[in-house]
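Contents: one structure, followed by commentary.
When a ligand or atom number is given, it counts from 1 through the structure's own listing order.
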Amino acid sequence: MGTKRRKATRRARKARPPSRKPRPGRSARKAVRHKPVRRKAARPQSSSPSPPPARSGRPSPVSGGPSIVVTSLRPLAVRPGGSALPPPAGSALPVSRPQVVPAGAGARPAQGLSSLRASSAAGAPLPGRPARRAAVAARRRDVCAMVLAAGLGKRMLSESSKLVHAVAGRPMVRHVVEAAKAAGMARTVVVVGNQADEVRRAVGEGDKRIGFAYQNAQLGTGHAVLSAESQLLGYEGDVLILNGDLPALRPDTLKNFIEFHRASGAPLSLLTAVVPDPKGYGRVMRTYSGDVSRIVEDSDATTEERTTREINCGIYCADATWLWDPLKRARADNTRKEIYLTDLVEILRRDGHKVAAFRHPDPEEVLGVNDRRELAAAVRALHRRKAAALMEGGVTILDPETAYIDVDVKVGQDTVIEPGVMLRGTTEIGRGVVIGTGSRIADSVVGDGTSILPYCVIAQSRIGRACRIGPFAHLRPETHLEEEVRIGNFVEIKKTRMAPGSKANHLTYLGDAEIGRKANIGAGTITCNFDGVSKLRTVIEDEVFVGSDTQLVAPVRVRRGAFIGAGSTITKDVPPYALAVSRAEQVVKEDWVKRFGPRARQKNDKGRGGRAD
Ligand code: UD1
Ligand code: CA
């Protein structure tokens with residue numbers, strides 16, 4: 001967009017009318033004028049994008065193509081609760097909006113339907129409108145988030161709440177809460193109910209920006225929202241309401257949606273998507289002129305309504321002033337006998353309000369997870385997205401379709417990830433690492449230049465720089481390998497530290513051990529770390545040579561530079577630079593096989609006339 005055009009758009013936006021506020025009658029207007037309206041300090045106008053045009057055909061700078069759909073434009077004189085303004089403070093939220101709106105800002109003269117429609121559609125200034133009101137229209141309102149996470153999630157057929165199922169390394173609901181936080185929400189209220197403790201834990205309880213509301217019976221999404229009313233008492237900004245089952249939601253989408261909502265001037269905005277298979281979703285019904293008229297749930301829809309492919313995604317932005325009282329009028333007169341949040345659309349429309357719809361172009365991101373198939377689809381979507389982001393950051397992924405990399409994993413540049421690798425949880429992989437096919441690494445750190453050969457299983461371990469691990473190695477929790485350590489095939493290590501340059505190349509178990517620098521652990525070495533009651537430590541100091549097939553019976557210490565003969569069972573400490581061998585001395589009997597071996601015995605038996613077998 002050229003500078004001139006941008007300026008024009010900005011001017012146009014400044015001149016937009018305060019279309020979201022009620023239009024009081026003469027007496028109401030008078031009252032409003034004397035009542036201070038708290039609001040957030042206005043941010044510089046240039047930082048907010050221009051409103052999306054609805055009918056101009058021009059692509060929107062906000063969302064990349066959504067359209068405002070205004071359902072009805074007859075403004076109300078008073079709010080549904082009866083007063084011209086939202087309820088006074090006493091808010092559970094830290095709402096700090098110290099500035100007073102210019103006198104008369106809460107009021108606005110009556111305007112015809114056509115003039116308002118024109119303004120919403122094109123964002124054009126309305127002739128004869130006072131400039132001070134324009135500033136109010138463009139001001140940035142507070143916005144907080146509400147995440148609905150109290151549902152039963154029956155279609156999941158699970159002992160756990162649907163919301164705590166892991167999706168690419170995080171519980172489902174946490175993705176939604178994180179997206180809200182990343183979109184700039186100062187506060188998020190999570191509505192819990194079914195398996196409430198489990199869901200709270202999954203969200204994380206230490207964050208001051210997150211609060212919880214309790215829905216005592218799962219009576220539907222509308223009821224869930226009403227359960228959070230007390231948490232938002234007196235709050236006058238916008239509420240971003242999100243279903244908790246949207247793990248693929250991106251923060252940028254939410255930011256764009258909020259901007260869209262602010263620009264639309266509607267008391268309620270919806271995010272919608274057009275999908276090839278809308279089964280199970282609420283359908284967005286529109287009038288002939290294209291305005292949203294209501295949402296009809298799949299189970300309540302007629303055959304004809306079910307052919308609509310535009311769905312409600314469970315993402316809403318509502319002006320708190322127009323949320324609670326209208327929603328209380330929703331009835332459970334539907335097949336599910338629930339109080340639907342989606343009924344708010346029809347209620348507001350009947351009250352003469354407008355409802356705006358933001359059509360999102362990427363349905364994959366905004367589809368709810370209700371069953372295991374949709375769970376798998378969400379996991380795949382997030383893994384695909386993660387692989388794409390890593391490749392953009394200089395990581396080679398040989399087959400992105402089989403890269404199972406959780407969202408919080410970090411991978412350094414020039415690392416190569418072979419097909420079928422799983423990187424889970426909080427794993428951090430350095431630069432120039434190779435991760436062989438079939439390996440699974442969870443909550444571990446891998447240093448620069450290390451090679452993990454195929455089929456290794458690694459959990460809660462730290463691996464230093466330039467190590468070589470595998471193939472077929474198993475590093476269990478609390479394994480700490482420093483630089484240039486080599487671990488070969490069929491080696492299992494647990495709660496063991498190995499100092500730089502040490503090796504255990506074949507068929508070994510090291511548990512509860514401390515191994516110094518440049519130690520060589522021979523094939524088949526086993527630390528006998530468990531006496532049937534407790535776990536005991538083995539210490540192998542620097543430059544020790546442990547011969548093959550050695551058992552180290554803990555607790556035991558092998559001092560620096562000692563040498564252990566193959567096949568030994570070491571039960572006592574070994575002094576520095578000593579040789580320790582503990583095997584029965586070898587016995588050699590010359591010609592024993594010829595004289596007493598099996599064939600010789602056979603011959604002797606035949607000679608005596610006995611049976612050959
Ligand atoms: C909902 C919408 C539907 C939309 C779909 C998008 C309603 C009535 N329908 O349907 O229009 O297309 O999402 O994915 O809203 N929840 C509670 N308490 C309850 C019931 C639900 O907190 O009593 C929570 C759930 O935990 C879930 C969210 O609300 O996170 C949505 O509930 P769900 O049952 O999945 O709604 P859908 O039938 O998918
Ligand atoms: Ca759902």
Side-chain angles (χ1 to χ4, degrees), residues 145-156 158 160-165 167 171-177 180 189-196 198-200 202-203 212-228 241-249 268 270-275 277-285 292 294-301 305-306 308-316 318 327 330-347 357 360 363-375 377-378:
M146 184 194 298
V147 177
L148 308 184
L152 294 166
K154 278 186 210 138
R155 288 164 275 180
M156 217 52 181
S158 175
S160 299
S161 157
K162 168 175 86 173
L163 287 316
V164 307
H165 279 253
V167 183
M172 195 185 302
V173 63
R174 193 144 85 219
H175 283 280
V176 183
V177 173
V189 176
V190 183
V191 183
V192 296
N194 178 52
Q195 320 267 51
E198 192 184 43
V199 177
R200 280 174 84 123
V203 169
F212 292 93
Y214 190 75
Q215 186 191 15
N216 49 16
Q218 279 61 68
L219 303 177
T221 47
H223 182 261
V225 168
L226 289 172
S227 307
I241 303 171
L242 305 169
N243 281 359
D245 61 1
L246 298 164
L249 201 51
L268 176 69
L270 312 171
L271 195 142
T272 74
V274 175
V275 296
D277 178 15
K279 193 167 179 291
Y281 291 99
R283 311 295 207 285
V284 177
M285 306 313 294
V292 174
R294 66 198 174 99
I295 294 170
V296 56
E297 291 306 304
D298 190 69
S299 50
D300 302 312
E305 285 167 337
R306 285 202 184 109
T308 305
R309 293 193 301 118
E310 185 179 18
I311 60 158
N312 164 39
C313 297
I315 299 167
Y316 318 81
L327 189 53
R331 295 284 159 259
D333 51 1
N334 48 58
T335 49
R336 273 151 71 179
K337 304 273 175 283
E338 286 182 357
I339 295 170
Y340 292 162
L341 172 57
T342 46
D343 281 357
L344 186 60
V345 173
E346 209 179 346
I347 293 170
H360 189 60
E364 186 181 75
E365 186 192 335
V366 290
L367 293 185
V369 172
N370 300 304
D371 57 29
R372 308 275 177 164
R373 273 218 317 239
E374 288 164 352
L375 178 69

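For N243 (side chain) and D245 (main-chain N/O), no donor-acceptor pair under 3.5 Å exists by modelled atom type. Side chain of E198 to main chain of V164: no donor-acceptor pair is present (N/O by atom type, distance under 3.5 Å, no hydrogens or angles). The backbone N or O of A202 lies less than 3.5 Å from a partner atom in the side chain of R174, making a donor-acceptor pair. The backbone N or O of G151 sits less than 3.5 Å from a side-chain atom of N194, completing a donor-acceptor pair.
With rounding to the nearest 0.5 Å, the separation of CG in N312 from CG in L341 is 8.0 Å. The distance from atom NZ of K162 to atom CZ of R155, rounded to the nearest 0.5 Å, is 6.0 Å. Note that the NE2 atom of H175 and the CG atom of L246 stand 11.5 Å from one another [nearest 0.5 Å]. For the atom pair CE of M156 and NE2 of H165, the computed distance is 4.5 Å after rounding to the nearest 0.5 Å.
Each of the following atoms of ligand 1 lies closer than 4.0 Å to a heavy atom of Y281: 6 (C), 12 (O), 14 (O). If you number the atoms of ligand 1 from 1 as listed, the ones under 4.0 Å from a heavy atom of K162 come out as 35 (O). Per-residue contacts place D245 under 4.0 angstrom from the following atoms of ligand 1 (heavy atoms of the residue considered): 30 (O), 35 (O). Close approach of ligand 1 to A224 (heavy-atom distance below 4.0 Å) involves ligand atoms 17 (C), 18 (N), 22 (O).
Contact between L327 and Y340 at its shortest, heavy atoms only, is CD1-O, 4.2 Å.
If you look at A150 next to ligand 1, the close heavy atoms, those under 4.0 Å, come from the backbone and the side chain alike. Looking at I311 against ligand 1, nothing comes within 4.0 Å, counting heavy atoms. The part of Q215 lying near ligand 1 is the side chain, judged by heavy-atom distances below 4.0 Å. Looking at R155 against ligand 1, only its side chain comes within 4.0 Å, counting heavy atoms. Contacts between N194 and ligand 1, counted as non-hydrogen atom pairs separated by less than 4.0 Å, are absent for every part of the residue.
Residue A217 places no N or O, backbone or side chain, under 3.5 Å from any N or O of ligand 1. Of the polar atoms of L148, at least one N or O is found under 3.5 Å from an N or O of ligand 1, judged by distance alone. Between G314 and ligand 1, no pair of N/O atoms sits closer than 3.5 Å. Between G282 and ligand 1, an N or O atom pair is found at a separation short of 3.5 Å. For ligand 1, the polar-atom distance check against T221 finds a nitrogen or oxygen pair separated by under 3.5 Å.
Contact of the L249 side chain with the E365 side chain is registered, since non-hydrogen atoms from C-beta on lie closer than 4.5 Å. Taking the side chain as every heavy atom from C-beta outward, L367 and Y281 approach each other to under 4.5 Å. A 4.5 Å side-chain heavy-atom check between Q195 and L163 finds every atom pair outside the cut-off. Side-chain contact check for E305 versus R294: some heavy-atom pair is nearer than 4.5 Å. A heavy-atom distance below 4.5 Å is found between the side chains of V345 and L270.
At the shortest separation from atom 23 (O) of ligand 1 among protein heavy atoms lies G220 N, 2.9 Å. At the top of the distance list for atom 13 (O) of ligand 1, counting protein heavy atoms only, stands N243 ND2, 2.9 Å. For atom 39 (O) of ligand 1, the closest non-hydrogen atom of the protein is N370 OD1, 3.6 Å.
Protein N/O/S atoms found under 3.0 Å from the Ca ion (ligand 2), listed by chain and residue number: D245 OD2, N370 OD1.
Heavy atoms of V191 come nearer than 4.0 angstrom to ligand 1 in no pair at all.
Considering G153, A213, G151 only, the shortest heavy-atom separation from atom 25 (C) of ligand 1 involves G151. Between atom 36 (O) of ligand 1 and the options R336, E338, E297, the minimum heavy-atom separation is to R336.
Looking at D298, D300, T272, T308 one by one, the single match for side-chain hydrogen bond (donor to acceptor under 3.5 Å, both in side chains) with R283 turns out to be D298.
Under the salt bridge (Lys or Arg N to Asp or Glu O under 4.0 Å) criterion, D343 pairs with no residue, sequence neighbours left out.
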